[in-house]
Amino acid sequence: MLQVYNTLSRSKESFAPIHPPHVGLYVCGPTVYDDPHLGHAKSYVSFDVIVRFLRHSGFKVRYVQNITDVGHLLGEGDEGEDRVLKKARLEKLEPVEIAQKYERHFFRDMDLLNNLRPDISCRATGHIPEMIEMIEKLLKQGKAYETNGDVYFDVSRFPAYGRLSGRKIDDLREGVRKESAEGKRHFADFALWKKADAQHLMQWPSPWGRGFPGWHLECSVMSTKYIGESLDIHGGGLDNQFPHHECEIAQSEAATGKPFVKYWLHNNMVTVDGQKMSKSLGNFVTLEELFKKFDPMTVRFFILQGHYRSPQDFSEPALDAAAKGLARLSDAYHSLAGIAGDQEAGEETGEPWAGFQKKFQAFMEDDFSTAGAVAILFDMARAAQSLTREQAGQAASALRLFDMLAGDVLGLRFTPPQSSGESEKQVVDYLVELRNRFRAEKNWKLADEVRQRLESAGIVLEDGKDGTKWSRK
RNA sequence: GGCGGCGUAGCCAAGUGGUAAGGCGGAGGUCUGCAAAACCUCUAUUCAGCGGUUCGAAUCCGCUCGCCGCCUCCA
């Protein structure tokens with residue numbers, strides 16, 4: 001039985017979807033105003049594995065993720081430029097160009113990490129009418145109020161406000177940085193709609209004049225549109241727990257009168273060399289930069305070695321270590337494939353493989369403990385490396401298991417060794433043969449010279465029981 | 001100032017009441033002409049520190065120190 005940690009109850013709970021076997025899962029997507037970074041990798045790899053494991057467990061998952069391409073309120077009542085607009089000004093592009101450019105970058109990097117695409121990837125700007133509808137509903141119920149072209153949610157009308165994040169309205173600090181916007185009844189009230197001045201580049205007509213939607217609204221609207229009034233799982237970064245998710249709950253439940261989300265899942269944050277990642281500290285790492293140095297699979301594997309609810313520190317030594325560990329798994333995988341050949345996998349996997357599968361399953365069922373699951377992969381690699389050529393049947397079964405656990409569930413890809421062209425093959429085969437003649441004559445000097453020269457050309461020789469193997473590195 | 005979380009070997013990192021997973025690194029060994037790869041063995045009497053609860057704590061409680069997040073857009 002799958003156990004998931006629910007932020008709402010602050011404890012692990014048995015997972016039982018509202019309408020089994022269907023699972024409606026919504027994850028807060030990116031704001032597309034800049035390149036994706038390490039934090040996105042951790043968050044979306046984490047939820048990708050959750051989706052993969054749910055599907056592996058037989059659930060029919062609908063995975064919805066938004067693209068925030070508008071609507072960032074800047075501090076209340078302030079200079080009024082949102083991030084997308086600011087970037088548009090800096091890059092001298094239309095806001096839509098900015099949003100679509102960074103959306104493409106986002107998916108490019110997510111694809112490299114082998115994250116499955118959401119079933120529905122929805123943009124905020126495509127759902128303005130639905131947002132207006134929800135605001136009207138809230139106004140009609142007296143849970144929101146309009147003031148001078150702005151519409152605010154009346155937090156006092158939602159007593160459960162603060163339950164998710166565990167805070168009381170009275171504890172919130174008013175005006176930490178800015179004065180509260182004019183016209184708000186309470187400083188904790190949040191915007192559903194903001195009036196736009198004439199120069200504002202993104203604005204829509206509404207019953208309250210031209211303006212743009214509040215940030216929290218899009219998630220409430222799109223999740224209920226595509227999943228229903230009650231979601232099984234809502235995921236996102238811990239940093240969004242308050243105020244974003246708190247506000248989503250308030251407006252959704254106020255509008256529908258139904259529980260908004262059954263299980264809230266939050267992933268923890270990343271640090272770089274032990275420090276918070278931020279532009280001002282100059283340690284902001286985009287995935288594009290990172291992938292120049294580390295294979296995306298290494299990054300994915302590194303993330304999987306931690307837990308999604310724990311903070312994770314990125315450093316070059318840690319990623320180097322992960323790369324080596326992943327290479328070991330990859331070698332084992334390919335050696336398994338070599339032994340299995342064309343052999344069909346049998347019905348029964350047999351021991352020790354069945355035991356590995358069971359343990360792997362148990363780790364994943366314990367709140368998606370990928371670190372434990374990865375440890376089982378290493379047990380499998382060890383067992384795989386001790387199979388002999390005569391055990392092709394077992395190797396085939398093991399290979400199938402590897403594909404299922406490491407591939408389907410964890411989303412790891414083991415790239416095959418680089419292949420060589422036909423003429424290169426002939427030349428290297430000849431040199432290997434030549435070297436083996438030297439070895440037979442115990443001419444170690446020349447034999448070693450051949451090996452060294454090939455190595456400096458990127459070809460590595462390994463002498464084994466069944467002769468000499470070579471591969472490109 | 002308020003709220004929440006974390007601190008586990010040289011490094012990364014699981015483990016949340018029953019006697020410390022895993023990876024990297026290091027040491028030794030098997031194999032090898034030597035390598036490489038692979039495999040085997042070892043590598044934290046101890047979980048930031050100090051007290052307390054308990055038959056028993058890394059795990060619960062209190063205090064101290066350090067770090068992180070949120071309270072303002074952020075995965």
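Not measured: the values here are computed from a predicted model. Residue numbers begin at 1 in each chain, while the letters A, B, ... track the order of the sequences.
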Subject >> Backbone N/O of Met1(A) and side chain of Glu365(A): donor-acceptor pair under 3.5 Å >> reply: yes
Original post:
Using a distance-only test with no angle check, is there a side-chain donor-acceptor pair under 3.5 angstrom linking Gln394(A) and Trp353(A)?
Top reply: yes
**OP:** Could you check Gly29(A) against Ser315(A) and say which one's nearest nucleotide on RNA chain B is further toward the 5' end?
**Re:** Ser315(A)
**OP:** Report which part of the nucleic acid Gly325(A) touches: base, sugar-phosphate, or nothing (heavy-atom distance under 4.0 Å, all strands).
**Re:** sugar-phosphate
Subject >> Candidates Asn6(A), Asp366(A), Asp367(A) - the one meeting side chain to side chain donor-acceptor pair (under 3.5 Å) with Lys12(A) >> reply: Asp366(A)
**OP:** Just call it for Arg451(A): base, sugar-phosphate, or nothing, with non-hydrogen atoms closer than 4.0 Å on any strand.
**Re:** base
Original post:
Within the structure, does a side-chain N or O atom of Ser165(A) lie under 4.0 Å from either OP1 or OP2 of G4(B)?
Top reply: no
**OP:** Apply side-chain contact (heavy atoms from CB on, under 4.5 Å) to the pair Ile67(A) and Phe107(A), showing each step before the final yes or no.
**Re:** CA-CA 11 Å; Ile67(A) 295 286; Phe107(A) 281 117; 4.1 Å; yes
**OP:** Using the C1' atoms only, state how far G7(B) lies from A48(B), rounded to an integer number of Å.
**Re:** 6 Å
Original post:
Roughly how many Å is it from CG in Asp379(A) to P in G22(B), rounded to a whole number?
Top reply: 8 Å
Original post:
How far, in whole Å, is G17(B) from C11(B) if one measures between their C1' atoms?
Top reply: 30 Å
Original post:
Hey, does Asp320(A) reach any base, or is it just sugar-phosphate, or nothing, if we go heavy atoms under 4.0 Å?
Top reply: nothing
Subject >> Pairwise P distance for C61(B) and G29(B), with rounding to whole Å >> reply: 48 Å
**OP:** Sticking with atom C1', work out how far G26(B) lies from C12(B), rounded to a whole angstrom.
**Re:** 15 Å
**OP:** Report the distance from atom CZ of Phe242(A) to atom C1' of G5(B), rounded to the nearest whole Å.
**Re:** 17 Å
**OP:** Could you state the atom-to-atom distance from CG of Asn240(A) to C1' of C70(B) in whole Å?
**Re:** 10 Å
Original post:
Does a side-chain N or O from Thr31(A) land closer than 4.0 Å to OP1 or OP2 of A75(B), or not?
Top reply: yes
Original post:
Does a distance-only test, which skips hydrogens and angles, find a donor-acceptor pair under 3.5 Å between the side chain of Arg435(A) and the base of G33(B)?
Top reply: yes
**OP:** May I ask you to verify if any side-chain N or O of Arg328(A) is less than 4.0 angstrom from the OP1 or OP2 atom of G23(B)?
**Re:** yes
**OP:** With heavy atoms under 4.0 Å as the rule, sort Phe302(A) into base, sugar-phosphate or nothing.
**Re:** sugar-phosphate
Original post:
Within the structure shown, what part of the strands sits under 4.0 Å from Val270(A) by heavy-atom distance: base, sugar-phosphate, or nothing?
Top reply: base
**OP:** Identify, with sequence neighbours excluded, every residue that meets salt bridge (Lys or Arg N to Asp or Glu O under 4.0 Å) alongside Asp239(A).
**Re:** none
**OP:** Starting at atom CD1 of Ile303(A), determine the distance to atom P of A14(B), rounded to an integer number of angstrom.
**Re:** 13 Å
Original post:
Between Glu246(A) (CD) and G4(B) (P), how many Å, whole number?
Top reply: 14 Å
Original post:
Do Tyr152(A) and Lys194(A) pass the side-chain contact (heavy atoms from CB on, under 4.5 Å) test, and can you show the C-alpha distance, the side-chain angles, and the key distance before you say yes or no?
Top reply: CA-CA 9 Å; Tyr152(A) 291 99; Lys194(A) 289 290 279 185; 3.3 Å; yes
**OP:** Nearest whole angstrom, please: distance from the P of A75(B) to the CG of Leu287(A).
**Re:** 12 Å
Original post:
Considering only the P atoms, how many Å lie between U8(B) and U59(B), rounded to the nearest integer?
Top reply: 13 Å
Subject >> Residue Asp239(A), side-chain atoms from C-beta onward, closest of C24(B), C70(B), A37(B) >> reply: C70(B)
Original post:
Between which residue ranges does RNA chain B form stems of three or more consecutive Watson-Crick or G-U wobble pairs, both distances under 3.5 Å?
Top reply: B:1-7 with B:65-71, B:10-12 with B:22-24, B:25-30 with B:38-43, B:48-52 with B:60-64
Original post:
Does Arg10(A) place a side-chain N or O at less than 4.0 Å from the phosphate oxygens OP1/OP2 of G4(B)?
Top reply: no
**OP:** Can you figure out which of G33(B), A37(B), A75(B) approaches the side chain of Asp463(A) most closely?
**Re:** G33(B)
Original post:
Which one, C24(B), C70(B), G5(B), comes nearest to the side chain of Asn268(A)?
Top reply: G5(B)
Original post:
Nearest of G23(B), C12(B), A14(B) to any side-chain atom of His307(A)?
Top reply: A14(B)
Original post:
Looking across every strand, which nucleic acid part, if any, lies under 4.0 Å from Leu461(A) by heavy atom: base, sugar-phosphate, or nothing?
Top reply: base
Original post:
Taking the side chain of Cys28(A) as its heavy atoms from C-beta onward, which of G23(B), C68(B), A75(B) lies nearest to it?
Top reply: A75(B)
Subject >> Per-pair stack call Trp444(A) and G33(B), 5.5 Å, 30° >> reply: yes
Subject >> Arg62(A) atom CZ, over 12 foreign heavy atoms within 6.0 Å >> reply: no
Original post:
If the C1' atom of A37(B) is compared with that of A75(B), how far apart are they to the nearest Å?
Top reply: 39 Å
Original post:
For the side chain of Ala371(A), counting heavy atoms from C-beta on, which of G22(B), A21(B), A75(B) is nearest?
Top reply: A21(B)
Original post:
Counting any heavy atom closer than 4.0 Å, what does Lys324(A) reach on the DNA or RNA strands: base, sugar-phosphate only, or nothing?
Top reply: sugar-phosphate
**OP:** Would you classify Glu462(A) as touching base, sugar-phosphate or nothing, given that sugar-phosphate means primed atoms plus P, OP1 and OP2, and contacts are heavy atoms under 4.0 Å?
**Re:** base
Subject >> Derivation of the side-chain contact (heavy atoms from CB on, under 4.5 Å) call for Ser121(A) and Gln65(A) >> reply: CA-CA 5 Å; Ser121(A) 172; Gln65(A) 191 184 90; 5.6 Å; no
Subject >> Candidates A13(B), C71(B), G23(B) - which lies nearest the side chain of Gln312(A) >> reply: A13(B)
**OP:** Select base, sugar-phosphate, or nothing to describe what His266(A) touches, counting heavy atoms under 4.0 Å on all strands.
**Re:** nothing
**OP:** Quick one: label Ser46(A) by what it contacts on the DNA or RNA (base, sugar-phosphate, nothing), any heavy atom closer than 4.0 Å.
**Re:** nothing
Original post:
Between the side chain of Glu351(A) and the main-chain N/O of Gly355(A), is any donor-acceptor distance below 3.5 Å?
Top reply: yes
**OP:** For a ring-ring contact (aromatic ring centres under 6.0 Å, His included) with Phe15(A), tell me which candidate from Phe53(A), Phe368(A), Tyr263(A) qualifies.
**Re:** Tyr263(A)
**OP:** Nearest whole angstrom, please: distance from the P of A14(B) to the CG of Asp367(A).
**Re:** 12 Å
Subject >> A20(B) and A44(B), which share atom name C1', separated by this distance in whole Å >> reply: 8 Å
Original post:
Base, sugar-phosphate, or nothing for Phe47(A), non-hydrogen atoms under 4.0 angstrom?
Top reply: nothing
Original post:
Hey, does the side chain of Arg382(A) come within less than 4.0 Å of G23(B)'s phosphate (OP1/OP2), counting only N and O?
Top reply: yes
**OP:** Can you tell me the distance, in whole Å, between the CH2 atom of Trp264(A) and the C1' atom of G4(B)?
**Re:** 17 Å
Original post:
Starting at the 5' end of RNA chain B and moving along, which residue's nearest nucleotide shows up first, Pro311(A) or His37(A)?
Top reply: Pro311(A)
Original post:
If you measure from the P atom in G25(B) to the same atom in G49(B), how many Å do you get, rounded?
Top reply: 28 Å
Original post:
Quick one: does Ser456(A)'s side chain have a donor or acceptor within less than 3.5 Å of a partner on Arg453(A)'s backbone?
Top reply: yes
